[in-house]
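Notes for the one structure printed next.
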Amino acid sequence: MNVTLNVQGMSCNHCVISIEGALQKVDGVSKATVSLADNQVSVTFDESVVSLENVKETIEDQGYDVV
């Protein structure tokens with residue numbers, strides 16, 4: 001599954017590294033791409049391994065708000 005989430009609070013390259021790094025450590029996530037310009041995070045993951053809620057929680061655990 002591929003989803004694009006709107007995320008608030010991202011402002012710099014550290015934000016990109018933080019979110020992408022955290023998501024890539026999650027079992028089932030195959031790709032995570034942050035767009036600072038669009039305030040979006042695109043995530044490709046296997047729904048049989050990880051839920052969308054887990055993906056959102058991972059982003060929120062890094063200090064950002066999924067809207």
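Every value quoted in this text rests on a predicted model; they were computed, and no experiment measured them. FYI, the numbering just counts along the sequence from 1.
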What verdict does the side chain to side chain contact (heavy atoms under 4.5 Å, CB included) test give for Val16 and Met10, after you've listed the backbone C-alpha separation in whole Å, the side-chain angles of each residue and the deciding distance to 0.1 Å?
CA-CA 8 Å; Val16 173; Met10 302 183 301; over 6 Å; no
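Nearest heavy atoms, Ser11 versus Leu36: N-CD2, 3.9 Å.
A distance of 12.5 Å separates NZ of Lys56 from CG of Asp65, quoted to the nearest 0.5 Å. Rounded to the nearest 0.5 Å, atoms OG (Ser30) and CG (Leu23) are 11.0 Å apart. Taking CD from Glu20 and NZ from Lys31, the interatomic distance works out to 10.0 Å, rounded to the nearest 0.5 Å. To the nearest 0.5 Å, atoms SG (Cys15) and CD1 (Ile59) are separated by 12.5 Å. Atoms CD and CD1, from Gln24 and Ile19 in turn, are 11.5 Å apart once rounded to the nearest 0.5 Å.
Among the candidates Asn2, Leu52, Val26, the single residue satisfying the side chain to side chain contact (heavy atoms under 4.5 Å, CB included) test with Phe45 is Leu52. Residue Val67 is tested with Asn39, Asn6, Leu5 for a side chain to side chain contact (heavy atoms under 4.5 Å, CB included); the sole match is Asn6.
A single hydrophobic cluster is seen to contain both Met1 and Val55, as judged by linkage of ILVMFWY side chains at heavy-atom distances under 4.5 Å, directly or through other members. In the hydrophobic cluster analysis, where Ile, Leu, Val, Met, Phe, Trp and Tyr join through side-chain heavy atoms closer than 4.5 angstrom, Val49 is grouped apart from Val3.
A side-chain N or O of Ser51 and one of Asn54 form a donor-acceptor pair less than 3.5 Å apart.
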